[in-house]
Amino acid sequence: MKFLCQTTAILALCAGGAFADTIKVGVIGPFSGGAALQGRNFQAGIEAYFALNGRTVGDHEIEIIYRDLPAADPGQSAALTQELIVGEGVQYLAGYYYTPDAMAAAPILEEANVPMVVFNAATSAIVNASPLVVRTSFTTFQTSTPMATVARERGIERVITVVSDYGPGVDSETAFVRAFGAAGGTVVESVRMPMSTVDFSPIMQRIRDSGAEAVFAFLPAGPQTFGFMTAFVENGLKADGVQLLAPGDLTQESDLPVLGPNAAGMLTTFHYAVSHNSPENIAFTEAATAWLGNPAELSFPAVGAFDGMHVIAHMIAATNGQQDAAAAVDSVKGLEWISPRGPVSINPDNRHITQNIYLREVAEVEGQYINHEIQVFENQGDPGWVAP
Ligand code: PHB
(Lines give C-alpha, C1' and ligand atoms only; values in the text may rest on other atoms or scores of the structure.)
Protein backbone atom coordinates (compact mmCIF):
# COMPACT_ATOMS: atom_id res chain seq x y z
CA MET A 1 0.00 0.00 0.00
CA LYS A 2 2.80 2.45 0.83
CA PHE A 3 4.17 2.00 -2.70
CA LEU A 4 0.74 2.24 -4.28
CA CYS A 5 -0.11 5.40 -2.39
CA GLN A 6 2.86 7.19 -3.94
CA THR A 7 0.94 7.10 -7.20
CA THR A 8 -1.19 10.23 -7.17
CA ALA A 9 -3.88 8.69 -9.36
CA ILE A 10 -4.94 6.42 -6.58
CA LEU A 11 -4.21 8.73 -3.65
CA ALA A 12 -7.88 9.44 -3.22
CA LEU A 13 -8.63 5.77 -2.83
CA CYS A 14 -5.90 5.38 -0.22
CA ALA A 15 -7.05 8.39 1.75
CA GLY A 16 -10.54 6.95 1.74
CA GLY A 17 -9.18 3.74 3.17
CA ALA A 18 -10.37 1.69 0.22
CA PHE A 19 -7.23 -0.45 0.28
CA ALA A 20 -6.63 -2.68 3.22
CA ASP A 21 -2.96 -3.50 3.62
CA THR A 22 -1.40 -6.58 5.11
CA ILE A 23 0.82 -6.43 8.17
CA LYS A 24 3.10 -9.43 8.42
CA VAL A 25 3.95 -10.92 11.82
CA GLY A 26 6.74 -13.50 11.89
CA VAL A 27 6.29 -16.12 14.59
CA ILE A 28 9.17 -18.41 15.55
CA GLY A 29 8.53 -21.44 17.76
CA PRO A 30 8.90 -25.21 18.10
CA PHE A 31 6.35 -26.63 15.64
CA SER A 32 7.98 -30.02 15.18
CA GLY A 33 9.98 -32.41 17.38
CA GLY A 34 9.55 -33.16 21.07
CA ALA A 35 8.33 -29.67 22.02
CA ALA A 36 5.90 -29.33 19.07
CA LEU A 37 2.89 -29.09 21.38
CA GLN A 38 4.39 -25.94 22.91
CA GLY A 39 4.50 -24.31 19.45
CA ARG A 40 1.04 -25.61 18.66
CA ASN A 41 -0.09 -23.71 21.74
CA PHE A 42 1.41 -20.51 20.27
CA GLN A 43 -0.80 -21.15 17.24
CA ALA A 44 -3.84 -21.93 19.41
CA GLY A 45 -3.39 -18.61 21.25
CA ILE A 46 -3.05 -16.65 18.01
CA GLU A 47 -6.08 -18.35 16.44
CA ALA A 48 -8.12 -17.81 19.62
CA TYR A 49 -7.23 -14.11 19.43
CA PHE A 50 -8.41 -13.93 15.82
CA ALA A 51 -11.58 -15.89 16.59
CA LEU A 52 -12.52 -13.44 19.35
CA ASN A 53 -11.23 -10.16 17.85
CA GLY A 54 -10.97 -10.65 14.09
CA ARG A 55 -7.87 -10.60 11.90
CA THR A 56 -7.98 -6.91 11.08
CA VAL A 57 -7.03 -3.78 12.99
CA GLY A 58 -8.75 -0.86 11.29
CA ASP A 59 -7.86 -1.31 7.61
CA HIS A 60 -4.89 -3.50 8.35
CA GLU A 61 -5.11 -7.24 7.97
CA ILE A 62 -2.72 -9.34 10.07
CA GLU A 63 -0.90 -12.18 8.33
CA ILE A 64 1.10 -14.66 10.43
CA ILE A 65 4.20 -16.26 8.94
CA TYR A 66 5.45 -19.22 10.96
CA ARG A 67 8.99 -20.54 11.16
CA ASP A 68 9.84 -23.79 12.93
CA LEU A 69 12.65 -23.90 15.50
CA PRO A 70 12.28 -27.34 17.12
CA ALA A 71 14.90 -26.93 19.88
CA ALA A 72 16.88 -24.09 21.47
CA ASP A 73 19.28 -23.05 18.69
CA PRO A 74 20.50 -19.44 18.79
CA GLY A 75 22.27 -19.57 15.41
CA GLN A 76 19.19 -20.89 13.66
CA SER A 77 16.99 -18.39 15.52
CA ALA A 78 19.11 -15.48 14.23
CA ALA A 79 19.02 -16.92 10.69
CA LEU A 80 15.24 -17.40 10.71
CA THR A 81 14.74 -13.93 12.19
CA GLN A 82 16.87 -12.36 9.42
CA GLU A 83 15.02 -14.33 6.78
CA LEU A 84 11.63 -13.21 8.12
CA ILE A 85 12.78 -9.57 8.10
CA VAL A 86 14.61 -9.51 4.76
CA GLY A 87 12.85 -12.27 2.82
CA GLU A 88 9.28 -11.83 4.07
CA GLY A 89 9.29 -8.18 5.11
CA VAL A 90 7.69 -8.83 8.48
CA GLN A 91 6.80 -5.74 10.49
CA TYR A 92 6.62 -7.58 13.83
CA LEU A 93 8.43 -10.57 15.29
CA ALA A 94 6.87 -12.79 17.92
CA GLY A 95 6.97 -16.21 19.56
CA TYR A 96 10.41 -17.39 20.83
CA TYR A 97 9.89 -20.32 23.16
CA TYR A 98 13.46 -20.72 24.45
CA THR A 99 15.59 -17.99 26.01
CA PRO A 100 18.70 -18.51 23.81
CA ASP A 101 16.53 -18.00 20.71
CA ALA A 102 15.10 -14.69 21.94
CA MET A 103 18.56 -13.51 23.04
CA ALA A 104 20.05 -14.27 19.62
CA ALA A 105 17.32 -12.37 17.74
CA ALA A 106 17.17 -9.27 19.98
CA PRO A 107 20.31 -7.52 18.59
CA ILE A 108 18.79 -7.57 15.09
CA LEU A 109 15.67 -5.58 15.98
CA GLU A 110 16.80 -1.96 16.10
CA GLU A 111 18.46 -1.82 12.70
CA ALA A 112 15.50 -3.66 11.19
CA ASN A 113 12.99 -1.30 12.89
CA VAL A 114 10.98 -4.31 14.10
CA PRO A 115 9.54 -4.90 17.60
CA MET A 116 9.68 -8.37 19.17
CA VAL A 117 6.85 -9.65 21.34
CA VAL A 118 8.12 -12.60 23.38
CA PHE A 119 5.36 -15.18 23.86
CA ASN A 120 7.36 -17.42 26.21
CA ALA A 121 11.15 -17.10 26.77
CA ALA A 122 11.42 -16.36 30.48
CA THR A 123 14.88 -15.17 31.51
CA SER A 124 14.71 -11.74 33.17
CA ALA A 125 17.60 -10.27 31.13
CA ILE A 126 15.92 -10.71 27.71
CA VAL A 127 14.17 -7.33 27.94
CA ASN A 128 17.58 -5.69 28.43
CA ALA A 129 18.88 -7.16 25.16
CA SER A 130 16.91 -4.58 23.12
CA PRO A 131 14.54 -1.67 23.86
CA LEU A 132 12.24 -3.16 21.22
CA VAL A 133 11.45 -6.33 23.23
CA VAL A 134 8.05 -6.61 24.95
CA ARG A 135 7.17 -9.77 26.88
CA THR A 136 3.70 -11.19 27.56
CA SER A 137 4.68 -14.48 29.21
CA PHE A 138 6.39 -14.52 32.63
CA THR A 139 9.87 -14.79 34.05
CA THR A 140 11.01 -17.77 36.06
CA PHE A 141 12.15 -15.24 38.69
CA GLN A 142 8.55 -13.99 38.84
CA THR A 143 6.99 -17.47 39.08
CA SER A 144 9.62 -19.01 41.42
CA THR A 145 9.88 -16.31 44.10
CA PRO A 146 6.44 -16.91 45.69
CA MET A 147 7.21 -20.62 46.07
CA ALA A 148 9.73 -19.76 48.81
CA THR A 149 6.92 -18.20 50.87
CA VAL A 150 4.67 -21.18 50.20
CA ALA A 151 7.38 -23.61 51.34
CA ARG A 152 8.14 -21.69 54.54
CA GLU A 153 4.41 -21.33 55.36
CA ARG A 154 4.22 -25.11 55.21
CA GLY A 155 7.11 -25.50 57.64
CA ILE A 156 9.68 -26.71 55.11
CA GLU A 157 13.22 -25.97 56.32
CA ARG A 158 15.72 -27.83 54.14
CA VAL A 159 15.51 -27.79 50.33
CA ILE A 160 17.71 -28.92 47.45
CA THR A 161 17.32 -26.98 44.20
CA VAL A 162 17.62 -28.69 40.81
CA VAL A 163 17.42 -26.65 37.60
CA SER A 164 18.31 -26.79 33.91
CA ASP A 165 21.65 -25.08 33.42
CA TYR A 166 20.70 -22.10 31.27
CA GLY A 167 19.12 -18.66 31.73
CA PRO A 168 15.64 -19.44 33.09
CA GLY A 169 16.98 -22.26 35.27
CA VAL A 170 19.68 -20.10 36.81
CA ASP A 171 17.10 -17.32 37.38
CA SER A 172 14.69 -19.78 38.95
CA GLU A 173 17.40 -21.12 41.29
CA THR A 174 18.58 -17.60 42.21
CA ALA A 175 14.99 -16.47 42.91
CA PHE A 176 14.20 -19.43 45.14
CA VAL A 177 17.53 -19.46 47.00
CA ARG A 178 17.25 -15.73 47.69
CA ALA A 179 13.63 -15.73 48.85
CA PHE A 180 13.83 -19.00 50.80
CA GLY A 181 16.97 -17.85 52.63
CA ALA A 182 15.37 -14.47 53.43
CA ALA A 183 12.39 -16.35 54.89
CA GLY A 184 14.66 -18.37 57.19
CA GLY A 185 14.98 -21.60 55.16
CA THR A 186 18.16 -23.47 54.22
CA VAL A 187 19.12 -24.56 50.71
CA VAL A 188 21.37 -27.58 51.34
CA GLU A 189 22.58 -28.01 47.76
CA SER A 190 22.00 -26.52 44.31
CA VAL A 191 22.31 -28.77 41.26
CA ARG A 192 22.36 -27.55 37.66
CA MET A 193 21.68 -30.12 34.92
CA PRO A 194 22.70 -29.79 31.27
CA MET A 195 19.68 -28.99 29.08
CA SER A 196 20.39 -32.20 27.19
CA THR A 197 19.84 -34.41 30.27
CA VAL A 198 17.44 -37.26 29.54
CA ASP A 199 18.43 -39.74 32.28
CA PHE A 200 17.37 -38.19 35.56
CA SER A 201 18.15 -41.21 37.80
CA PRO A 202 21.55 -39.85 38.97
CA ILE A 203 19.86 -36.55 39.86
CA MET A 204 17.22 -38.40 41.85
CA GLN A 205 20.03 -40.13 43.77
CA ARG A 206 21.59 -36.76 44.59
CA ILE A 207 18.26 -35.49 45.84
CA ARG A 208 17.91 -38.54 48.07
CA ASP A 209 21.51 -38.28 49.35
CA SER A 210 21.06 -34.57 50.21
CA GLY A 211 18.65 -35.43 53.01
CA ALA A 212 16.47 -32.43 52.08
CA GLU A 213 12.75 -32.57 52.90
CA ALA A 214 11.87 -31.02 49.57
CA VAL A 215 13.28 -30.38 46.12
CA PHE A 216 12.64 -27.17 44.23
CA ALA A 217 12.94 -27.82 40.47
CA PHE A 218 12.77 -25.95 37.19
CA LEU A 219 13.07 -27.38 33.67
CA PRO A 220 11.60 -25.91 30.47
CA ALA A 221 8.13 -27.33 29.84
CA GLY A 222 8.22 -30.10 27.27
CA PRO A 223 9.86 -33.51 27.09
CA GLN A 224 12.34 -32.62 29.88
CA THR A 225 9.68 -31.80 32.47
CA PHE A 226 7.78 -34.94 31.63
CA GLY A 227 10.95 -37.04 32.01
CA PHE A 228 11.86 -35.39 35.30
CA MET A 229 8.41 -35.88 36.83
CA THR A 230 8.34 -39.51 35.74
CA ALA A 231 11.83 -40.17 37.17
CA PHE A 232 10.84 -38.56 40.48
CA VAL A 233 8.07 -41.11 40.89
CA GLU A 234 9.87 -44.12 39.37
CA ASN A 235 12.92 -43.60 41.60
CA GLY A 236 10.70 -43.73 44.67
CA LEU A 237 11.20 -40.16 45.90
CA LYS A 238 7.49 -39.42 45.98
CA ALA A 239 6.87 -42.67 47.87
CA ASP A 240 9.60 -41.67 50.34
CA GLY A 241 7.73 -38.43 51.09
CA VAL A 242 10.17 -35.98 49.45
CA GLN A 243 8.11 -32.94 48.47
CA LEU A 244 8.45 -31.61 44.93
CA LEU A 245 8.01 -27.84 44.65
CA ALA A 246 8.19 -26.05 41.29
CA PRO A 247 6.89 -23.28 39.10
CA GLY A 248 4.01 -24.50 36.92
CA ASP A 249 6.17 -25.49 33.95
CA LEU A 250 6.41 -28.95 35.58
CA THR A 251 2.65 -29.54 35.71
CA GLN A 252 1.48 -28.05 32.45
CA GLU A 253 -2.07 -29.16 31.73
CA SER A 254 -1.16 -30.98 28.52
CA ASP A 255 0.99 -33.38 30.59
CA LEU A 256 -1.61 -33.97 33.30
CA PRO A 257 -3.71 -36.65 31.57
CA VAL A 258 -0.64 -38.91 31.97
CA LEU A 259 1.16 -37.32 34.96
CA GLY A 260 -1.98 -36.49 36.93
CA PRO A 261 -2.26 -39.49 39.27
CA ASN A 262 1.41 -39.20 40.25
CA ALA A 263 1.33 -35.41 40.48
CA ALA A 264 -1.85 -35.20 42.56
CA GLY A 265 -1.38 -32.88 45.53
CA MET A 266 1.73 -31.22 44.07
CA LEU A 267 2.00 -27.46 44.67
CA THR A 268 3.22 -25.11 41.95
CA THR A 269 3.32 -21.34 41.49
CA PHE A 270 2.53 -19.91 38.04
CA HIS A 271 0.85 -17.11 36.10
CA TYR A 272 -1.78 -19.20 34.32
CA ALA A 273 -3.97 -22.23 34.91
CA VAL A 274 -6.30 -23.48 32.17
CA SER A 275 -8.93 -23.87 34.92
CA HIS A 276 -8.73 -20.17 35.96
CA ASN A 277 -12.30 -19.12 36.65
CA SER A 278 -13.16 -15.91 34.80
CA PRO A 279 -15.36 -14.92 31.84
CA GLU A 280 -12.24 -13.91 29.88
CA ASN A 281 -10.67 -17.31 30.42
CA ILE A 282 -13.82 -19.21 29.52
CA ALA A 283 -14.01 -17.32 26.20
CA PHE A 284 -10.29 -17.90 25.60
CA THR A 285 -10.24 -21.62 26.43
CA GLU A 286 -13.34 -22.24 24.29
CA ALA A 287 -11.78 -20.51 21.29
CA ALA A 288 -8.36 -22.12 21.79
CA THR A 289 -9.72 -25.64 22.23
CA ALA A 290 -12.02 -25.20 19.23
CA TRP A 291 -8.87 -24.66 17.16
CA LEU A 292 -6.83 -27.40 18.87
CA GLY A 293 -9.63 -29.94 18.57
CA ASN A 294 -8.52 -31.61 21.80
CA PRO A 295 -9.06 -29.69 25.08
CA ALA A 296 -6.33 -31.75 26.78
CA GLU A 297 -3.68 -30.14 24.56
CA LEU A 298 -4.17 -26.61 25.89
CA SER A 299 -1.24 -25.22 27.91
CA PHE A 300 0.29 -21.93 29.07
CA PRO A 301 2.18 -20.90 25.87
CA ALA A 302 -1.27 -20.24 24.37
CA VAL A 303 -2.03 -17.44 26.82
CA GLY A 304 1.37 -15.80 26.20
CA ALA A 305 0.54 -15.81 22.48
CA PHE A 306 -3.06 -14.62 22.97
CA ASP A 307 -1.93 -11.64 25.05
CA GLY A 308 1.00 -11.10 22.69
CA MET A 309 -1.48 -10.67 19.83
CA HIS A 310 -3.42 -8.19 21.96
CA VAL A 311 -0.21 -6.17 22.32
CA ILE A 312 0.63 -6.40 18.59
CA ALA A 313 -2.92 -5.30 17.63
CA HIS A 314 -2.56 -2.31 19.96
CA MET A 315 0.80 -1.43 18.34
CA ILE A 316 -0.69 -1.65 14.83
CA ALA A 317 -3.58 0.63 15.82
CA ALA A 318 -1.31 3.12 17.58
CA THR A 319 1.00 3.45 14.55
CA ASN A 320 -1.86 3.20 12.02
CA GLY A 321 0.00 0.36 10.35
CA GLN A 322 3.18 2.37 9.74
CA GLN A 323 6.52 0.69 10.42
CA ASP A 324 7.81 2.63 13.42
CA ALA A 325 9.10 0.12 15.97
CA ALA A 326 9.98 2.65 18.67
CA ALA A 327 6.53 4.29 18.50
CA ALA A 328 4.85 0.88 18.49
CA VAL A 329 6.72 -0.20 21.63
CA ASP A 330 6.13 3.17 23.34
CA SER A 331 2.39 2.78 22.72
CA VAL A 332 2.16 -0.32 24.92
CA LYS A 333 4.21 0.95 27.85
CA GLY A 334 1.76 1.01 30.77
CA LEU A 335 -0.97 -0.77 28.76
CA GLU A 336 -3.46 -2.52 31.08
CA TRP A 337 -6.01 -5.18 30.20
CA ILE A 338 -7.86 -8.20 31.55
CA SER A 339 -6.10 -11.31 30.29
CA PRO A 340 -7.51 -14.84 30.54
CA ARG A 341 -5.00 -15.18 33.42
CA GLY A 342 -6.37 -12.11 35.30
CA PRO A 343 -5.49 -8.38 35.34
CA VAL A 344 -2.17 -7.54 33.65
CA SER A 345 -0.14 -4.53 32.52
CA ILE A 346 3.10 -3.80 30.69
CA ASN A 347 5.68 -2.26 33.02
CA PRO A 348 6.87 0.89 31.18
CA ASP A 349 10.42 0.55 32.59
CA ASN A 350 11.19 -2.99 31.42
CA ARG A 351 8.36 -3.83 28.97
CA HIS A 352 7.62 -7.04 30.89
CA ILE A 353 4.16 -8.12 32.02
CA THR A 354 2.99 -7.45 35.59
CA GLN A 355 0.49 -10.11 36.69
CA ASN A 356 -0.90 -12.27 39.47
CA ILE A 357 1.05 -15.39 40.40
CA TYR A 358 -1.16 -18.19 41.67
CA LEU A 359 -0.44 -21.04 44.04
CA ARG A 360 -2.07 -24.14 42.55
CA GLU A 361 -2.51 -27.75 43.62
CA VAL A 362 -2.81 -30.62 41.16
CA ALA A 363 -6.27 -32.01 41.84
CA GLU A 364 -8.72 -34.37 40.22
CA VAL A 365 -11.97 -32.61 39.41
CA GLU A 366 -14.74 -34.47 37.56
CA GLY A 367 -12.31 -37.11 36.35
CA GLN A 368 -9.73 -34.62 35.05
CA TYR A 369 -6.47 -33.47 36.60
CA ILE A 370 -6.19 -29.69 36.81
CA ASN A 371 -4.01 -27.02 38.40
CA HIS A 372 -6.51 -25.84 41.00
CA GLU A 373 -5.79 -22.24 42.11
CA ILE A 374 -5.77 -21.90 45.90
CA GLN A 375 -3.95 -18.62 46.65
CA VAL A 376 -3.08 -15.40 44.77
CA PHE A 377 0.07 -13.27 44.93
CA GLU A 378 -1.33 -10.15 43.32
CA ASN A 379 0.22 -7.78 40.83
CA GLN A 380 3.72 -9.25 40.70
CA GLY A 381 6.43 -7.49 38.72
CA ASP A 382 9.68 -9.18 37.77
CA PRO A 383 11.88 -9.31 40.90
CA GLY A 384 14.74 -10.57 38.72
CA TRP A 385 14.96 -7.51 36.50
CA VAL A 386 18.00 -5.29 37.02
CA ALA A 387 18.00 -1.91 35.26
CA PRO A 388 20.81 -1.86 32.68
C1 PHB B 1 12.93 -20.49 28.31
O2 PHB B 1 13.81 -21.05 27.61
O3 PHB B 1 13.02 -19.29 28.60
C4 PHB B 1 11.79 -21.29 28.85
C5 PHB B 1 11.27 -22.36 28.13
C6 PHB B 1 10.23 -23.11 28.67
C7 PHB B 1 9.70 -22.78 29.92
C8 PHB B 1 10.21 -21.69 30.63
C9 PHB B 1 11.26 -20.96 30.10
O10 PHB B 1 8.72 -23.54 30.45
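Counting convention: from 1, in listed order, for ligands and their atoms alike.
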Short N/O distance, under 3.5 Å, between [X] and ligand 1?
X      : answer
Asp249 : yes
Thr140 : no
Ala221 : yes

Indicate whether any N or O donor in one side chain lies under 3.5 Å from an N or O acceptor in the other, for His60 and Asn320.
-> yes

Does a donor on one side chain sit under 3.5 Å from an acceptor on the other, for Thr140 and Asp171?
-> no

Salt bridge Glu189-Arg158, side-chain N to carboxylate O under 4.0 Å = no

So which bit of [X] gets within less than 4.0 Å of ligand 1, heavy atoms only: side chain, backbone, both or neither?
X      : answer
Tyr166 : side chain
Phe218 : side chain
Pro168 : side chain
Thr225 : neither

Atoms in ligand 1 with a heavy atom of Tyr98 nearer than 4.0 Å | 1 (C), 2 (O)

Phe300: numbered ligand 1 atoms lying under 4.0 Å from its heavy atoms | 10 (O)

Gap between atom CD1 of Ile312 and atom CG of Asp307 - 0.5 Å precision = 11.5 Å

Roughly how far, to the nearest 0.5 Å, is the CE atom of Met147 from the CZ atom of Phe377?
-> 8.5 Å

Nearest neighbour of atom 9 (C) of ligand 1 from the list Ala122, Gly248, Pro30, on a heavy-atom basis | Ala122

